[in-house]
2 protein chains.
Amino acid sequence: MAEKKYCIKTETLAGFAKALGHPARIAIMKFLAKQDTCYFGDIHEELPIAKATVSQHLTALKDAGLIQGEIETPKVKYCINRENWAYAQQLFSEFFNMELCEKNEDCCK
Amino acid sequence: MAEKKYCIKTETLAGFAKALGHPARIAIMKFLAKQDTCYFGDIHEELPIAKATVSQHLTALKDAGLIQGEIETPKVKYCINRENWAYAQQLFSEFFNMELCEKNEDCCK
DNA sequence: GAATTTGGTCGCAAAATTACGAACAATATT
DNA sequence: AATATTGTTCGTAATTTTGCGACCAAATTC
C-alpha cells in the first residue's frame, strides 16, 4: 500500500478530483444525476466508447465512492452515492472558498 | 490534437479536475492560497518530493490555467490565476449543485 | 438445454503520469 | 572569470491510465 505523504483531507480531495478527471466520468456523473433509470446500457448508449471502457470508468467512480451499483438481473443499476457526493461537494467547496492571501493579489500579472 | 468527444464544459471541468487529481498539486494550491511569498523554493520546501518533480507539477497546474509564474531573478514567483480559479470554482459549483433526480433517490442501497 | 441478453473480466497495446538525478541556463556574487 | 543560487529541462524508469476486442458468467427465454 502506498504511504501517505500528505494530510488525509488533501489525499481525499485529490482522490475525488482524480476520479472526476476524465470527461467520460464527468459525463457519467451528469447523466446519473438527471436520470431516474440509470442502467449500464443507458450509460453506455450515452457515451462514445466501448462497453469495456465504460465498465472501467464506472469501476473507477465506484472505487472513489462517488457512485454505487445494484444488480437488477439481468441489468445493473447505477446511481450517485449521495453521502460521498455530499462529502466531495464539501471538500471542493472548502477548497475553492479558502480565502486567498490578499497581499499576493498581483504577484503575477 | 485530440478530438473533442464531449461537450466543452465537460472537457473543461474534467481538465481542472485532472489537474487537481494529485495530492501534491492540491497541497501546492493550498499553499499558494495562504502565502504572500510563493517562490518555487518555498513550495519545494513544503513538499516531500524532488525539485524536478515539483517543477513538473507546477507546469501541470500552469497548463491547466490554475496558476501562473513570474520570474523575479533569480527566483520564480508563483501565484493562483484568479480568473481561471474563479471559473473552475463556478464549474465545480454548478456540477455539485445540479439537482439530483429524486425518483432515483434509493435506486441503490 | 441451446440461445439471448446484460455486463463484467481478461489480456493486450499505446499513451500518459509520476518521480528522480544529472545537466543546463541565467543571474548574482566573490 | 570562477562560484553559487535558483529553477527548468533532459533522459530514463516504473507505474498507471485509457481503450478495445474477445471471452466469460448469470439469468431469462425460446
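Computed from a predicted model, the values in this text were never measured in an experiment. Heavy-atom basis, side chains included; hydrogens, waters and symmetry copies ignored. Sequence lines set the chain letters: A, B, ... in the order given, protein chains first and strands last, and positions in each chain run from 1.
- Atom CG of Leu58(A) and atom P of dG19(D) are 13 Å apart (whole Å).
- Relative ring orientation between Phe96(A) and Phe92(A) is described as parallel, the plane-to-plane angle staying below 30° on a 0-90° scale split at 30° and 60°.
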Please walk me through it: do Glu70(A) and Tyr78(A) pass side-chain hydrogen bond (donor to acceptor under 3.5 Å, both in side chains)? CA-CA 6 Å; Glu70(A) 189 182 13; Tyr78(A) 284 98; over 6 Å; no
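- Distance CD (Gln56(A)) to P (dT17(D)): 10 Å, rounded to an integer number of Å.
- For the segment residues 13-24 of chain A, residues with any heavy atom less than 4.0 angstrom from an atom of DNA chain D are, sorted by number, Lys18(A), His22(A).
- Near DNA chain D, meaning a heavy atom under 4.0 Å from it, residues 39-47 of chain A has no residue at all.
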Take Leu61(A) and Ile28(A), measure what side chain to side chain contact (heavy atoms under 4.5 Å, CB included) needs, and give me the verdict at the end. CA-CA 9 Å; Leu61(A) 289 170; Ile28(A) 288 170; 3.7 Å; yes
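- A pairwise comparison of heavy atoms in Leu66(A) and Ala88(A) identifies CD2-CB, 4.2 Å as the closest pair.
- Tyr6(A) and Pro23(B) make their closest contact through CD1-CB, 3.4 Å (heavy atoms, listed as atom of the first residue, atom of the second, distance).
- Applying the side chain to side chain donor-acceptor pair (under 3.5 Å) criterion to Lys51(B), with sequence neighbours excluded, gives no partner residue.
- Judged as a side chain to side chain donor-acceptor pair (under 3.5 Å), and not counting sequence neighbours, the contacts of Gln90(A) are Glu94(A).
- The backbone N or O of Ile49(A) sits nowhere less than 3.5 Å from a side-chain atom of Thr53(A) that would complete a donor-acceptor pair.
- The side chain of Thr53(A) contributes no N or O atom lying less than 4.0 Å from OP1 or OP2 of dT18(D).
- No donor-acceptor distance shorter than 3.5 angstrom exists from the side chain of Asn81(B) to the backbone of Gln68(B), with no hydrogens or angles considered.
- Rounded to a whole Å, the CD1 atom of Ile49(A) is 6 Å from the P atom of dG19(D).
- Judged by distance alone, the side chain of His22(B) and the main-chain N or O of Gly15(A) form no donor-acceptor pair under 3.5 Å.
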Reading nucleotides 23-30 of chain D from the 5' end, what letters show protein touch, with B for base, S for backbone sugar-phosphate only, - for no heavy atom under 4.0 Å? B---S---
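- For DNA chain C, the contact window with chain A, defined by any atom under 4.0 Å from a protein heavy atom, covers dT6(C) to dT9(C) in 5' to 3' order.
- Without hydrogens or angle criteria, Arg25(B) side chain to His57(B) main chain gives no donor-acceptor distance under 3.5 Å.
- Rounding to whole angstrom units, OH of residue Tyr78(B) and P of dT6(D) are separated by 15 Å.
- Ala50(A) comes within 4.0 angstrom of the backbone, heavy atoms only, and of no base.
- Aromatic rings of Trp85(B) and Phe16(B) (six-membered ring for Trp) have centroids beyond the 6.0 Å cut-off, not under it.
- Distance alone, capped at 3.5 Å, places no donor-acceptor pair between the Glu72(B) side chain and the Lys77(B) backbone.
- Taking atom NZ of Lys77(B) as the reference point, atom C1' of dT5(D) lies 18 Å away to the nearest angstrom.
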